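One structure below.
Excluded from the calculations below are hydrogen atoms, water molecules and symmetry mates; all remaining heavy atoms, backbone and side chain alike, are included. Just so you know, these numbers come straight off a predicted model, no measurement behind them.
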There are 2 protein chains.
Amino acid sequence: MALRHAVLAALLEGELSGYQLTKAFDLGVANFWYAQPQQLYAELTRLEKGRLIAGREVIQEARPNKRLFRLTDAGLAELEEFTAAAAKPSFIRDDLLVKVQAADHVDSEALIAQLSERAAFARAKIDLFGKMLRSMRGDHTEEEFLRHGHRIGPYLTCLRGLAFEEGNRDWCEHTIAVLRERQKAHVQH
Amino acid sequence: MALRHAVLAALLEGELSGYQLTKAFDLGVANFWYAQPQQLYAELTRLEKGRLIAGREVIQEARPNKRLFRLTDAGLAELEEFTAAAAKPSFIRDDLLVKVQAADHVDSEALIAQLSERAAFARAKIDLFGKMLRSMRGDHTEEEFLRHGHRIGPYLTCLRGLAFEEGNRDWCEHTIAVLRERQKAHVQH
DNA sequence: CCATGATAGTCATGAAAGTGACTAGTCTTA
DNA sequence: TAAGACTAGTCACTTTCATGACTATCATGG
């Protein structure tokens, strides 16, 4: 029951099609949840059956027809209930951490390559999140916006995403530096 | 194929029993992966069948017998291969983010309660990670240890865990402050 | 005029993760 | 001296996630 609520939360933004949702939940953009198209379409079907969302067909000329979904009252109630329930603590679960855990026993070059790639990805997302934040707050300062804006939820999750990626970037860079330093030291023996 | 490699990486530390692994993979301690006992025992069985680890029974007097597992050469090779392969980018997938995404439409008090709880949890882990790091590096400074220590993998993942939890704590506190501020402003209307 | 790429989705299947309930002996503490 | 926590693990089951393959149409660029 996790993707389920993420979809409901996304639909708070207004009516969205499955395809639009897939864009919002894309790995490259997602600031609060990630999922693949197939999962989303499946979830939408389930949610509609449960009457937590309602869809309507929109016939289009120039492109395939689509279905726009909106939250029902039952859906909003479900989300409310979910928010009140205790959350399980989260943790990082990342292949890259497993690899670094094994750092002393595996090839450093391969590891450094992975870390560089991840750092690059993190920088790209930092950039993107920066832009998203600026566009959400418009002409206001962050402080102003958070005080008086009327949809701060997405802004706040985006801030977390930004900090997370900054953490990733810094850690990757630091780890690379450490591994390089040790390579040098090792060669000199 | 994720827990699988995490278990292999954990066994780099030396022979461990299933029970010891469950301690290391516990939500309260895990600095690089989390899993439940049942998952671990199941994974250990699979890995042993695949000859990536080997177990030996240890008969004990005062407590139940146990099985100690160690990595085989095949297991180390598998881990090596895994490290060289491309990692998929990671992302946060957290109930709490979903809840904050919906912040504008749900009860703030409930949300603040969740955030406080998470912040407290984060502080506890920060403390724990600090202790773990100190104990790993012994009398050395961090710089010294990372340069010359001979098992820095766990230290590095622990550093990431620490930064992650600091990020959680800061974000939770900031978000709480923002929500409180808005509550005040709302009441005054 | 053909190859991409975007829009808009569907189906089937497998792998991974999570949950609840349960056994069984020992050690500690109120 | 009884209750609860710790050690050590197992069985059965469900939910969630992820993967690959597939169908259409339209627009754009070379």
Review point. Is the distance from OP1 or OP2 of C/dG18 to the nearest side-chain N or O of A/R93 less than 4.0 Å?
Key: yes
Practice item. Following the transitive rule for hydrophobic clusters with a side-chain heavy-atom cut-off under 4.5 Å over Ile, Leu, Val, Met, Phe, Trp and Tyr, establish whether B/I92 and A/F91 coincide in one cluster. Key: no
Study note, to complete from the structure: Closest to the side chain of B/P64, out of C/dA17, D/dG9, D/dT7, is D/dT7
Check your understanding: Is the closest side-chain donor-acceptor distance between B/N31 and B/R160 under 3.5 Å?
Key -> no
**Study point:** Spacing of A/E43 atom CD relative to D/dT15 atom P, expressed in whole Å
**Key:** 13 Å
Exercise for review: Establish, with yes or no, whether the OP1 or OP2 oxygen of C/dG9 is under 4.0 angstrom from a side-chain nitrogen or oxygen of A/Q38.
Suggested key: no
Point to revise | Distance in angstrom units between B/R63 CZ and C/dA24 P, rounded | key: 19 Å
Check your understanding: Are B/L179 and B/V100 co-members of a hydrophobic cluster defined by side-chain heavy atoms under 4.5 Å apart?
Key -> yes
**Study point:** Nearest-angstrom distance from the residue atom CD1 of B/I59 to P of C/dG25
**Key:** 17 Å
Study note, to complete from the structure: From CD of B/E15 across to P of D/dA8 the rounded distance in Å is 14 Å
Check your understanding: Can the positive tip of B/K66 be found less than 6.0 Å from the middle of the six-membered ring of B/Y19, inside 45° of the ring normal?
Key -> no
Review point. Taking DNA chain D as the partner, which of residues 22-36 of chain A come within under 4.0 angstrom of it by heavy atom?
Key: A/W33, A/Q36
Practice item. Please report, rounded to the nearest Å, how far the P atom of D/dG9 is from the CD atom of B/E48. Key: 12 Å
Practice item. Between A/Q39 and B/Q20, name the one whose nearest nucleotide on DNA chain D is closer to the 5' end. Key: B/Q20
Review point. Rounding to a whole Å, what distance do you find between A/D95:CG and C/dA15:P?
Key: 17 Å
Practice item. Ignoring hydrogens and angles, state whether a donor on the side chain of B/H5 or B/E78 is under 3.5 Å from an acceptor on the partner side chain. Key: yes
Review point. Quick one: B/N65 CG to C/dT26 C1', roughly how many Å, whole number?
Key: 13 Å
**Study point:** A/L21 CG - C/dT10 P separation (whole Å)
**Key:** 13 Å
Review point. Testing A/E166, A/E165, A/E173 for salt bridge (charged side-chain N to carboxylate O under 4.0 Å, His left out) with A/R123, which one passes?
Key: A/E173
Review point. Looking at residues at least two apart in the chain, or sitting in another chain, which of them share a side-chain hydrogen bond (donor to acceptor under 3.5 Å, both in side chains) with A/Y155?
Key: A/R137, A/E142
Review point. Closer than 4.0 Å, any side-chain N/O of A/Y41 to the OP1 or OP2 of C/dT10?
Key: no
Review point. Does B/Y19 have a side-chain nitrogen or oxygen under 4.0 Å from the phosphate oxygens OP1 or OP2 of D/dG9?
Key: no
